[in-house]
Peer 1: 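Take this structure, written in structure tokens, and hold onto it; I'll ask about it next.
Atom set for the values below is all heavy atoms of this structure, side chains included, hydrogens, waters and symmetry mates excluded.
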Amino acid sequence: MTPLRVTWRQVTRWRAERQLLTRGEPDPVEVARRLTGIHAQVASSSVAIAAVRGSPDGVGAALWSRRALVRTWAMRGTLHLLPADELGLWAAALTDRESRRRFPPSWEREHGVSGETLHAITAAIGRVLDAVPVTRAGLVERVCADLGRPEVAGPLATSWGALLKPAAARGLLCSGPDGTFVSPAGWLGRPLDGWAADEANRAVLLRFLAANGPATPADVARWWGEQPAPAKRWINAAPVVPVEIDDEAGFVVRAEDADALAAVPAAGDHPGDGPFLLPGFDPWVIAPLSHRRRAIPEGRESEVSRTAGWISPVLVVDGRVAGVRERSADTITVRAFTRLPAAVRKAVATRAGADVVWA
């Protein structure tokens, strides 16, 4: 198949549009749907990710009152907000990913249980959780009683939740209010939709490409927390079009998006050029990795992608990270990587909704 040939400027403008940075979306559930989940390791970041896309309010209500969003461990084993009506899809794809996990002796030494015991814990979580929120301590107590194995209490109580993530992947556990856990089916009042693994993987891939394409198989694998081989299989079986970006091959985009991507102007002004003040852990920065390498100036990577996986709030101009920022009360401090034109600085001040200090 003849590849679609586009420029990086077209791609960055396209991604800004697809990620709702150029037009508002008032419903945080639809923001989560478009972005393939909202990163929620830090609760304030998830609110800010929705807010910068036109949903400044409503994340909490969508989670705990409407129950239209679900907070759970998903791609890469990180917490995300997912649309509740899509949870069955995500659980099916994540369950398939879990089926390929291996538990070498090093994993057992680190986590204090064997793979066999982890499977038993996962099944027990499915039996003991219901619609009533339970604290982690209460969940540990129930699992130990169900299994008759008090020795798993210590490993289960670790703060990172490594032994709880397989249950989340299988749709047996999600976050309840105030740091509790619930059964997703119980919390939502309905069973999760059933999906065949192949169909779920295909749907998840196409959702990712809709928000993040064009992307490479390595981009897909890294985002999903998967080895490259399954990602390549999904792409080979999906309705995608090969893309060359500034003569660089290896990318794909959804077939249904090819014409629209090609139609994005490569010159002149465009809303997708920003400037955008993006919060920490914003999906524009996180994925795909091939885009991030081109968006972050050389030598500035450690300021954007920091230790322990922390992604800084950033200023994006013309498809590139132009600086990092911090907010204190009603003041935003921007540390630009280079001196920006006066027109860009004025546009940043207009968008900020706060006093801007240039450091």
Peer 1: Charged N to carboxylate O under 4.0 angstrom, E86 versus R33?
Peer 2: yes
Peer 1: Mark yes when over 12 heavy atoms from residues, nucleotides or ligands other than Q227 sit less than 6.0 Å from its CD; otherwise mark no.
Peer 2: no
Peer 1: Considering residues, nucleotides and ligands other than E141, do more than 12 of their heavy atoms fall under 6.0 Å from its CD?
Peer 2: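 No - once you tally the heavy atoms of other residues, nucleotides and ligands closer than 6.0 Å, there are 12 at most.
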Peer 1: Identify the two heavy atoms, one from V182 and one from P133, that lie closest to each other, and give their separation to 0.1 Å.
Peer 2: CG1-CA, 3.5 Å
Peer 1: In Å and rounded to the nearest 0.5 Å, what is the SG to CG distance from C174 to L164?
Peer 2: 12.0 Å
Peer 1: Counting only heavy atoms not in R100 (residues, nucleotides, ligands), do more than 12 fall under 6.0 Å from its CZ?
Peer 2: yes
Peer 1: Examine the side chains of R170 and T122 and answer whether a donor and an acceptor come within less than 3.5 Å of each other.
Peer 2: no
Peer 1: Distance-only, no hydrogens or angles: does the Q10 side chain make a donor-acceptor pair with backbone N or O of A266 under 3.5 Å?
Peer 2: no
Peer 1: As an exercise, state the distance from OG of S183 to CG of L172, rounded to the nearest 0.5 Å.
Peer 2: 7.5 Å
Peer 1: Under a 3.5 Å distance rule, please check whether Q19 uses its side chain to pair with a backbone N or O of W284 as donor and acceptor.
Peer 2: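 The answer is yes, because a donor-acceptor pair under 3.5 Å joins these two groups.
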Peer 1: List the steps and the verdict of side chain to side chain contact (heavy atoms under 4.5 Å, CB included) for I245 and T7.
Peer 2: CA-CA 5 Å; I245 308 177; T7 66; 5.8 Å; no
Peer 1: Hey, does V6 have a side-chain heavy atom less than 4.5 Å from the side chain of V243?
Peer 2: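 Heavy-atom side-chain distance check passes, below 4.5 Å.
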Peer 1: May I ask you to check whether over 12 heavy atoms, not counting those of W358, lie within 6.0 Å of atom CH2?
Peer 2: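 Atom CH2 in W358 is packed in, count exceeds 12.
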Peer 1: Quick one, V357 with I332, criterion side chain to side chain contact (heavy atoms under 4.5 Å, CB included). Give me CA distance, side-chain angles, the key distance, then yes/no.
Peer 2: CA-CA 6 Å; V357 175; I332 295 176; over 6 Å; no
Peer 1: Less than 4.5 Å apart, any side-chain heavy atom of L20 and any of R23?
Peer 2: yes
Peer 1: I'd like to know if the side chain of T350 reaches the main chain of K346, judged simply by a donor and an acceptor atom lying under 3.5 Å from each other, with no hydrogens or angles considered.
Peer 2: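 Yes, because the side chain of T350 sits within donor-acceptor range (under 3.5 Å) of the backbone of K346.
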Peer 1: Assess the residue pair H291 and R15 against the criterion (side chain to side chain contact (heavy atoms under 4.5 Å, CB included)); give the C-alpha distance rounded to whole Å, side-chain angles, the decisive distance to 0.1 Å, and a yes or no.
Peer 2: CA-CA 10 Å; H291 294 219; R15 283 191 69 221; 3.0 Å; yes
Peer 1: Centroid separation under 6.0 Å, is that true for the rings of F281 and H80?
Peer 2: no
Peer 1: For residues F208 and W223, establish whether the separation of their ring centroids is below 6.0 Å.
Peer 2: yes
Peer 1: Has the side chain of R142 got a donor or acceptor atom that lies under 3.5 Å from a matching backbone atom of V128?
Peer 2: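 Yes.
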Peer 1: Can you establish whether the number of heavy atoms outside D269 located under 6.0 Å from its atom CG is more than 12?
Peer 2: no
Peer 1: Would a single hydrophobic cluster contain both I296 and V317, if residues Ile, Leu, Val, Met, Phe, Trp and Tyr are joined by side-chain heavy-atom contacts under 4.5 Å?
Peer 2: no
Peer 1: I'd like to know if V220 and M75 are part of one continuous hydrophobic network [Ile/Leu/Val/Met/Phe/Trp/Tyr, side-chain heavy atoms within less than 4.5 Å].
Peer 2: yes
Peer 1: So do T72 and L82 actually touch side chain to side chain, heavy atoms under 4.5 Å?
Peer 2: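 Sidechains of T72 and L82: in contact.
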Peer 1: Testing the basics here: between L192 and G88, what is the closest heavy-atom pair and its distance to 0.1 Å?
Peer 2: CB-CA, 3.9 Å
Peer 1: May I ask you to say whether R202 pairs ionically with E199, meaning some side-chain N is under 4.0 Å from a carboxylate O?
Peer 2: no
Peer 1: Within this structure, what is the OG1-CG distance for the pair T12 and D318, rounded to the nearest 0.5 Å?
Peer 2: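 Rounded to the nearest 0.5 Å, the OG1-CG separation comes to 8.0 Å.
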Peer 1: Do the side-chain N and O atoms of T331 and S328 include a donor-acceptor pair separated by under 3.5 angstrom?
Peer 2: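 No - no donor-acceptor pair under 3.5 Å links their side chains.
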Peer 1: In the single-linkage hydrophobic clustering (I, L, V, M, F, W, Y; side-chain heavy atoms under 4.5 Å), do V344 and V52 co-cluster?
Peer 2: no
Peer 1: Could you walk me through whether F276 and T22 pass the side chain to side chain contact (heavy atoms under 4.5 Å, CB included) test, one step at a time?
Peer 2: CA-CA 9 Å; F276 303 116; T22 61; 4.3 Å; yes
Peer 1: Would you call the rings of W90 and W224 parallel, tilted or perpendicular, taking 30° and 60° as the class edges?
Peer 2: tilted
Peer 1: With ring pair (Phe, Tyr, Trp, His ring centres under 6.0 Å) as the rule and sequence neighbours excluded, what pairs involving residues 121-155 come up?
Peer 2: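 Found none.
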Peer 1: Please report the closest heavy-atom contact between P217 and A231, naming both atoms and the distance.
Peer 2: O-CB, 3.6 Å
Peer 1: Is a side-chain N or O of R292 found less than 3.5 angstrom from the main chain of I286, in a donor-acceptor match?
Peer 2: yes
Peer 1: Identify the two heavy atoms, one from V304 and one from V324, that lie closest to each other, and give their separation to 0.1 Å.
Peer 2: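 Residues V304 and V324, closest heavy atoms: CG2-CG1, 4.1 Å.
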Peer 1: Atom CG of L35 and atom CD1 of I49: how far apart are they, to the nearest 0.5 Å?
Peer 2: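 CD1 of I49 is found 8.0 Å from CG of L35.
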Peer 1: Could you check whether any side-chain N or O of S55 sits under 3.5 Å from a backbone N or O of P26, counting only pairs where one atom can act as donor and the other as acceptor?
Peer 2: yes
Peer 1: Hey, could you give me each pair passing salt bridge (Lys or Arg N to Asp or Glu O under 4.0 Å) that has a residue in residues 51-74? Not counting sequence neighbours.
Peer 2: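 Qualifying pairs: D27-R66, R53-D282.
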Peer 1: Please check this pair: side chain of S65 against backbone of A62, looking for a donor-acceptor N/O pair closer than 3.5 Å.
Peer 2: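 Side chain of S65 to backbone of A62, a donor-acceptor pair under 3.5 Å: no, none is there.
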Peer 1: In the single-linkage hydrophobic clustering (I, L, V, M, F, W, Y; side-chain heavy atoms under 4.5 Å), do L69 and W73 co-cluster?
Peer 2: no
Peer 1: Do E248 and R294 meet the salt-bridge criterion of a basic N to acidic O distance under 4.0 Å?
Peer 2: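 Salt bridge present between R294 and E248.
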Peer 1: Is the shortest heavy-atom distance from the side chain of P265 to the side chain of H270 under 4.5 Å?
Peer 2: yes
Peer 1: Can you tell whether the side chains of R293 and E301 come within less than 4.0 Å, N to carboxylate O?
Peer 2: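 Salt bridge between R293 and E301, a charged N being under 4.0 Å from a carboxylate O: no.
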Peer 1: Give a yes or no on whether D130 atom CG has more than 12 heavy-atom contacts from other residues, nucleotides or ligands under 6.0 Å away.
Peer 2: yes
Peer 1: Where does the angle between the aromatic ring planes of W107 and H111 fall among parallel (under 30°), tilted (30 to 60°) and perpendicular (over 60°)?
Peer 2: tilted
Peer 1: Is it true that F251 and W8 have ring centroids separated by less than 6.0 Å?
Peer 2: yes
Peer 1: Would you say R136's side chain and T158's backbone share a donor-acceptor pair under 3.5 angstrom?
Peer 2: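 Pair found, side chain donor or acceptor close to backbone of T158.
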Peer 1: Do you know which two heavy atoms are closest between W14 and A260, and how far apart they sit?
Peer 2: CZ3-CB, 3.6 Å
Peer 1: Can you see which heavy atom on L4 is nearest to which on A262, and at what distance?
Peer 2: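 The answer is CD1-CB, 3.7 Å.
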Peer 1: Would you indicate whether the side-chain heavy atoms of V252 and V241 approach each other to under 4.5 Å?
Peer 2: no
Peer 1: Is any side-chain heavy atom of V204 closer than 4.5 Å to one of L89?
Peer 2: yes
Peer 1: Test S290 against every option in D219, N212, T216 by the side-chain hydrogen bond (donor to acceptor under 3.5 Å, both in side chains) rule and name the one that passes.
Peer 2: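 By the side-chain hydrogen bond (donor to acceptor under 3.5 Å, both in side chains) criterion, S290 pairs with just one of D219, N212, T216: D219.
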Peer 1: For R18 and A210, indicate whether the former's side chain and the latter's backbone hold a donor-acceptor pair under 3.5 Å.
Peer 2: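 Yes; at least one donor-acceptor contact below 3.5 Å.
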Peer 1: Could you check if a side-chain atom of L81 sits within less than 4.5 angstrom of a side-chain atom of H39, using non-hydrogen atoms only?
Peer 2: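 Result no, sub-4.5 Å side-chain heavy-atom pair not found.
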Peer 1: Applying salt bridge (Lys or Arg N to Asp or Glu O under 4.0 Å) as the test, list every pair that has at least one member in residues 4-13; sequence neighbours left out.
Peer 2: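 Found R5-E244, R9-D273, R13-D273.
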Peer 1: Would a distance-only check, ignoring hydrogens and angles, find a side-chain to backbone donor-acceptor pair under 3.5 Å from E98 to P166?
Peer 2: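 Checking the backbone N and O of P166 against the side chain of E98, no donor-acceptor pair under 3.5 Å is found.
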Peer 1: Working to the nearest 0.5 Å, report the span between CZ of R127 and CG of D146.
Peer 2: 4.0 Å
Peer 1: Does any non-hydrogen side-chain atom of L147 lie less than 4.5 Å from one of I121?
Peer 2: yes
Peer 1: If you round to the nearest 0.5 Å, how far is CG of L278 from CG of L315?
Peer 2: 8.5 Å
